[in-house]
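The structure under discussion appears below in the form of structure tokens.
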Amino acid sequence: MEVKAIYTKKLKEKFREALEAVLPILGIVLVLCFTIAPISPSILLCFLLGAVLLITGMMFFTLGAELSMTPMGERVGTCMTRSRKLSVIIGLSFLLGFIITISEPDLQVLAQQVPSIPNMVLILAVACGVGIFLVIALLRMLFGISLNHLLIVFYLLVFVLSYFVPDSFLSVAFDSGGVTTGPMTVPFIMALGVGVSSVRSDRHAADDSFGLVSLCSVGPIIAVLILGMIYHPESGAYVPPVIPDVQDSVELWTLFRVGFPTYIKEMAVSLLPIAAFFAVFQIAVLKLSKRKLVKILIGLVYTYIGLVLFLTGVNVGFMPAGNYLGQVIAQLDYSWIIIPIAMVIGFFIVRAEPAVYVLNRQVEEITDGAISARTMGTGLSIGVAVSLGIAMIRVMTGISIMWFVIPGYVIALGISFFVPKIYTAIAFDSGGVASGPMTAAFLLPFAQGACMAFGGNIVTDAFGVIAMVAMTPPITIQVLGLVSRMGRKEELAPEPDYVLEFDRLEDDAIIEL
């Protein structure tokens, strides 16, 4: 009964957190619907039912990740590092990166956008990219290599490769980096980093525990750009979401009932490889107690239920609403208002990303509260708000994504030389974490709907939203680190000479006034 009471209490706590994350988005959309952007009752009802599933799904997912994904990743990382065998670390980390990426549901969405490249070829290439870069990330941690130097080298490679790929394919390629670091990948990879760093005893171990997600976000971009050079795709494809038209409550429920089997199957396929890998690891190396295994198993069940509910709510309820809202607002006489509206939506919607909760909590724990979850949340919200403003400018004007991506990463990498190492690692991780399923299923359709209304090219102008969302948090989080460092310098300012002279006096010294 005591264990049941603990789980009940935790579920209530997670429900409250999910409610706080989703209610602002719900409020903003409802205000728009009843004022400047009227939508049909069908779309509104789908959105509301989707919001209920979203809140419930987030509640189960966040608790499940806490009970299962985090301890699994930490224990695997610790055991790999303690083996002291470089070949074992390289082999297992590549296998992990490969398995987790194939498990990521958002990767299937990306594969559908590029018809000129076979789906399985694209998925395997991206999975290899993540696997290779997870190896690089873990080796960086073990050998203490500077993260910002590696990021400079790899982003230079990205920008060089981009000159050999058709312009119409660039946005899809850059979006791939954010898509593949989703709710399945992030909790496990971040926990893996914490497990690896826990074996190190030097003072920089905590700083290096972050940075895995940031490097794993680069791998897919490079992989997709290389495929673009091989296959020479003319463009990505765009299939607009079906706008629902329901006559009664039974038809409304039928929409979601039809969607459930898809995500039940997808999540089973996604979780199975990770669970199987951990089972083999448990039998061969870990040998955890029965009690700990039961706890992890319960967490996996919660994670599974949470992701099924979350993805059904987002894809069936939120995607059509986002697309239609974008169309309606872009058709207004004062269509420029879509820029501030998108920024406000972006500010709040990032808090509903399931992996953001995992990042914020781990940052607060690793830094012993020096970087609070609230501070992280604010930094991410500001970054995503800015990115949505830029994305809407691109939708309205058709400016190439490269005019924003190159200066953005130059600024982010430039700041990295002036802030503590841990801020750089957390900042670049946060970019991959912020661009999750909420971005792919609401903000991207929102941009696509607006682009249709403006008469732009959806593939070149609307795609790239995920890339924008991944680019701006590294700047805002590092700026927070810069402000924090300047504040500490003021606190540690040297004492005036007369104070130092006073401190050197003996206790019984006579002072003449």
Query raised in the report: Looking only at atom types and distance, does a side-chain atom of S171 sit under 3.5 Å from a main-chain N or O of T460, one as donor and one as acceptor?
Result: yes
Query raised in the report: When you measure from the side chain of Y304 to the backbone N and O of I264, does any donor-acceptor pair fall under 3.5 Å?
Result: yes
Query raised in the report: Do V316 and L53 have side chains that get closer than 4.5 Å, going by heavy atoms?
Result: no
Query raised in the report: Quick check: does any side chain N or O of T476 sit under 3.5 Å from a backbone N or O of G379, one acting as donor and the other as acceptor?
Result: yes
Report task. Flag the pair K12 / T8 as yes when at least one side-chain heavy-atom distance between them is below 4.5 Å, and no otherwise. Result -> yes
Query raised in the report: Between T375 and I371, is there a donor-acceptor pair closer than 3.5 Å when you use the side chain of the first and the backbone of the second?
Result: no
Report task. Measure the shortest side-chain to side-chain distance between V158 and F174 over non-hydrogen atoms and say whether it is less than 4.5 angstrom. Result -> yes
Query raised in the report: What distance separates M141 CE from F210 CZ, expressed to the nearest 0.5 Å?
Result: 10.0 Å
Report task. Could you check if a side-chain atom of L96 sits within less than 4.5 angstrom of a side-chain atom of L192, using non-hydrogen atoms only? Result -> yes
Report task. Mind checking the CG-CD1 spacing from L142 to I89? Nearest 0.5 Å is all I need. Result -> 5.0 Å
Query raised in the report: Between CD of E266 and CG of N315, what distance do you get to the nearest 0.5 Å?
Result: 8.0 Å
Query raised in the report: Should the ring pair F133 and F154 be called parallel, tilted or perpendicular, given that the plane angle runs from 0 to 90° and is split at 30 and 60?
Result: perpendicular
Query raised in the report: Hey, is CZ on F260 packed in by over 12 heavy atoms from elsewhere, all under 6.0 Å?
Result: yes
Requested in this report: Could you tell me whether the side chain of N323 and the main chain of F446 form a donor-acceptor pair under 3.5 Å?
Outcome: no
Query raised in the report: Is there a donor-acceptor pair under 3.5 Å between the side chain of Q327 and the backbone N or O of A450?
Result: no
Report task. Enter the distance from K290:NZ to K292:NZ here, rounded to the nearest 0.5 Å. Result -> 15.5 Å
Report task. Measure the CG-CG distance between L271 and L307 for me, rounded to the nearest 0.5 Å. Result -> 6.5 Å
Query raised in the report: L309 versus M59: any side-chain heavy-atom pair under 4.5 Å?
Result: no
Report task. For the residue pair E13 and E17, establish whether any side-chain heavy-atom pair is separated by less than 4.5 Å. Result -> yes
**Report entry** Separation between CE of M376 and OG of S430, rounded to the nearest 0.5 Å
**Finding:** 5.0 Å
Query raised in the report: Just by modelled atom types, is the L134 backbone N or O under 3.5 Å from a matching donor or acceptor in the S93 side chain?
Result: no
Query raised in the report: Is the F442 ring parallel, tilted or perpendicular to the F318 ring (thresholds 30°, 60°)?
Result: perpendicular
Query raised in the report: Heavy-atom count around K287 NZ within 6.0 Å, excluding the residue itself: above 12?
Result: yes
Query raised in the report: Who pairs with Y263 by ring-ring contact (aromatic ring centres under 6.0 Å, His included), at least two apart in sequence or on another chain?
Result: none
Query - Main-chain N/O of V384 paired with S387 side-chain donor or acceptor, under 3.5 Å - result: yes
Report task. Answer yes or no: is there a donor N or O on one side and an acceptor on the other, between the side chain of T78 and the main chain of R75, under 3.5 Å? Result -> no
**Report entry** Whether D461 side chain and R394 backbone form a donor-acceptor pair below 3.5 Å
**Finding:** no
Query raised in the report: Given side chains that start at C-beta, do those of N360 and L380 come closer than 4.5 Å, heavy atoms only?
Result: yes
Report task. Taking the six-membered ring for Trp and the single ring otherwise, decide whether the centroids of F61 and F310 are under 6.0 Å apart. Result -> no
